[in-house]
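Note: hydrogens, waters and symmetry copies are ignored here, and every other heavy atom, side chains too, is used. The shown structure was predicted, so the numbers you read here are calculated from the model rather than taken from an experiment.
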Amino acid sequence: MGAPRARRWKLLLPPFHSAKRKPPLPPPPQAPVAVAPAPGKEEEEEEVVPEEFLCPISGAPMADPVILPPGRTYERACVDACAGLSLCPPGASAAAAAIPNDALRAAIRTWCARHGRAPPAPPSAAEAREAALLRAVPAAAARTTTVAAMVPARSSSNLSCSSRASAASTSSSGSSSEMATVEVPRAKEVAELRVAEAEEEMEKEKEVAVLRVAEAEEEKEVAVLRVAEAKEEEEEVVMVVAKVVEKGDEDQVEAAMAVLLRETRESEERRRALCVPRLLAALRRVLHSKRHTPKAHADAAAALANLTNEPENRIPIVRAGAVTALVEVLSLGTASPEACEHAAGALFGLALDEENRAAIGVLGAVQPLLDLFTARDHAPRARRDAGMALYHLSLSAVNQSKLARAPAAAKNLLSIASDSTTAEPMPIRRLALMVVCNLAKCAEGRAALMDTGAVATVSAILSDDTHRSELEELCVAALFGMSRGNPRFRGLARAAGADRPLILISERAPAGVHKEMARKALRVVLGLGDDSERDLPGFMNSERNVNGIAGSSVPVHRRRAASWAAAPPPAPTPPNAHQWRSVCID
């Protein structure tokens, strides 16, 4: 082998450029190429509207959001459209009150302002109805989408089958695709039909509302015509009655009074309309005249009594001068009992008005009413009306003095109140005591009552009367009234033994005005006075009063009162049966 060859090393270095060598020239400038922006790039840059700002029905930003239970928010126009179509918004109850969502509306407007958008506008009624209908039929659209999605999978899965199976699957997929394409137009048709039906229903409702308004206007016109006819009839009645009374024919006057009595029984409006000065003057003329028949007098008085049933008629009747005619009927002995009864009822109705009481008393109605009330030969109804008229008239201070000065007034009233036999019914006795209580309110009345032995009479009723439980309150009120400011009462009460029933009433009666009046009257009887510092229960339970020590200035003993207390306790007072008669006279 020969000698080894010498190895050669080669150093690889980067190319060396001389400083004197010029650099290569740059490439020539190329013309700028306009690059079109990619489609949808600006839309991608824009921020997506938050989902909570979108209406679940229309899918658009809400302009007027409202909250429905259980807490979801919808567009108000869409909610109204659902209500008009009788549909229920998705996720809300059918009948629910919409609550404005002001916070969400402010948030939507703030978001639009930050992103340079205009605030959302509410959809129109047609758009809201269409959105509501499309939202109400989601099942058809979902079903069609599912069928269209399943068609390719089903066809691909059947590729390995036989030609007959593939043909069948192809035909079935073709039919299902046709059904899927047909369902969407059907849903639109259903929505359009529902909209048309809703519009027809709205039009029908409008027509019904218009018909109702027309019927209401017709009813108003009919009512106005009826009122006008009624006024004409009332004017005709007044004119006919006035003319007949002016002519003075007895038979015609009697017939006219009978017609007028029937007219005053019809209604309240009729009685208010007939109470005119011309008719009242005709009635007054009939009552003053002596040549008319008793039936005409009775019908005229009954018509006046019926007119007094209305509170608005009472003052005009008194101002028309009818009181003097009624007093004349009661005063004359020639009037029939029926006319006297109706005249007393008319005065009773007029006395219910507080402004009429003094005038009726001045016109001289107290004495005739007292005579009718105390006369036992008259009918109970006439006496009751006279007693009620006396009671209301005696509420006036002027009439209290007149009644106290009337001859034998207190004596007759006490006689009726103390009659425990069957001759006097209980309502008449109560009325007599009610008038006595009013009479005891004035000084003249107290003096007249004490002169006629009222203290002894009332004490006897409280002690021995079989009906004292029904008259107890009125008797206590009478004793209390007579004990006010009269020094004679103490001696008369002690002599009559009024202290014993008053002690028992003060102990056993329930708390109230009745018991307080008994205690005050007892203080006067015992000589304690109203302003005495000595307590009444302490005096009644004191050793001197219980044991009856000799020389006591007050001869009241608990032992004596206890023996009288063996009677059963007083029964509660029944309700007042003397209510004013509001039924018209037949």
Side-chain angles (χ1 to χ4, degrees), residues 48-113 115 117-147 179-220:
V48 181
V49 179
E51 185 177 358
E52 59 270 16
F53 293 173
L54 303 178
C55 176
I57 299 176
S58 64
M62 291 177 283
D64 188 7
V66 293
I67 302 175
L68 294 179
R72 298 192 66 180
T73 304
Y74 306 86
E75 179 68 44
R76 184 184 292 274
C78 296
V79 173
D80 297 339
C82 290
L85 296 173
S86 301
L87 298 176
C88 179
S93 57
I99 303 174
N101 195 342
D102 297 333
L104 184 59
R105 180 172 56 186
I108 294 172
R109 293 186 178 181
T110 302
W111 185 87
C112 293
H115 293 81
R117 291 190 176 188
S124 62
E127 294 174 353
R129 283 198 302 270
E130 184 177 358
L133 289 172
L134 293 176
R135 189 66 179 82
V137 288
R143 185 169 61 253
T144 55
T145 304
T146 304
V147 171
M179 289 175 62
T181 55
V182 171
E183 286 293 338
V184 174
R186 287 183 180 177
K188 291 184 179 180
E189 291 177 0
V190 170
E192 292 176 357
L193 289 175
R194 291 188 177 181
V195 171
E197 291 176 357
E199 291 178 353
E200 290 179 0
E201 290 180 358
M202 293 176 64
E203 291 179 359
K204 290 180 180 179
E205 291 178 357
K206 289 181 181 179
E207 293 177 357
V208 171
V210 171
L211 292 175
R212 289 180 179 177
V213 171
E215 290 177 357
E217 292 179 354
E218 291 179 359
E219 290 179 357
K220 289 181 180 179

Any chance you could measure [X], atom [atom1], to [Y], atom [atom2], to the nearest 0.5 Å?
{"X": "Arg72", "Y": "Glu52", "atom1": "CZ", "atom2": "CD", "result": "13.0 Å"}
{"X": "Met62", "Y": "Asn101", "atom1": "CE", "atom2": "CG", "result": "7.5 Å"}
{"X": "Leu85", "Y": "Arg194", "atom1": "CG", "atom2": "CZ", "result": "9.0 Å"}
{"X": "Asp64", "Y": "Cys55", "atom1": "CG", "atom2": "SG", "result": "11.0 Å"}
{"X": "Cys82", "Y": "Arg129", "atom1": "SG", "atom2": "CZ", "result": "12.0 Å"}
{"X": "Glu215", "Y": "Arg212", "atom1": "CD", "atom2": "CZ", "result": "8.5 Å"}

Heavy-atom pair of closest approach, residues [X] and [Y]:
{"X": "Trp111", "Y": "Val48", "answer": "CZ2-O, 3.9 Å"}
{"X": "Pro120", "Y": "Ile108", "answer": "CG-CG2, 3.8 Å"}
{"X": "Leu54", "Y": "Pro61", "answer": "CD2-N, 3.7 Å"}
{"X": "Thr73", "Y": "Pro65", "answer": "CG2-CB, 3.5 Å"}
{"X": "Ala97", "Y": "Leu68", "answer": "O-CD2, 4.0 Å"}
{"X": "Val66", "Y": "Pro100", "answer": "CG1-CA, 4.1 Å"}

Open item on the list: Would you say that Leu104 contacts Ile67 through its side chain, given a criterion of any heavy-atom pair below 4.5 Å between the two side chains?
Closed with: no
Open item on the list: For a 4.5 angstrom cut-off between non-hydrogen side-chain atoms, does Glu192 reach Leu133?
Closed with: no
Open item on the list: Quick one, Arg117 with Val49, criterion side chain to side chain contact (heavy atoms under 4.5 Å, CB included). Give me CA distance, side-chain angles, the key distance, then yes/no.
Closed with: CA-CA 11 Å; Arg117 291 190 176 188; Val49 179; 3.1 Å; yes
Open item on the list: Given 3.5 Å as the limit, does a donor-acceptor pair link the side chain of Glu75 with the main chain of Ala63, or not?
Closed with: yes
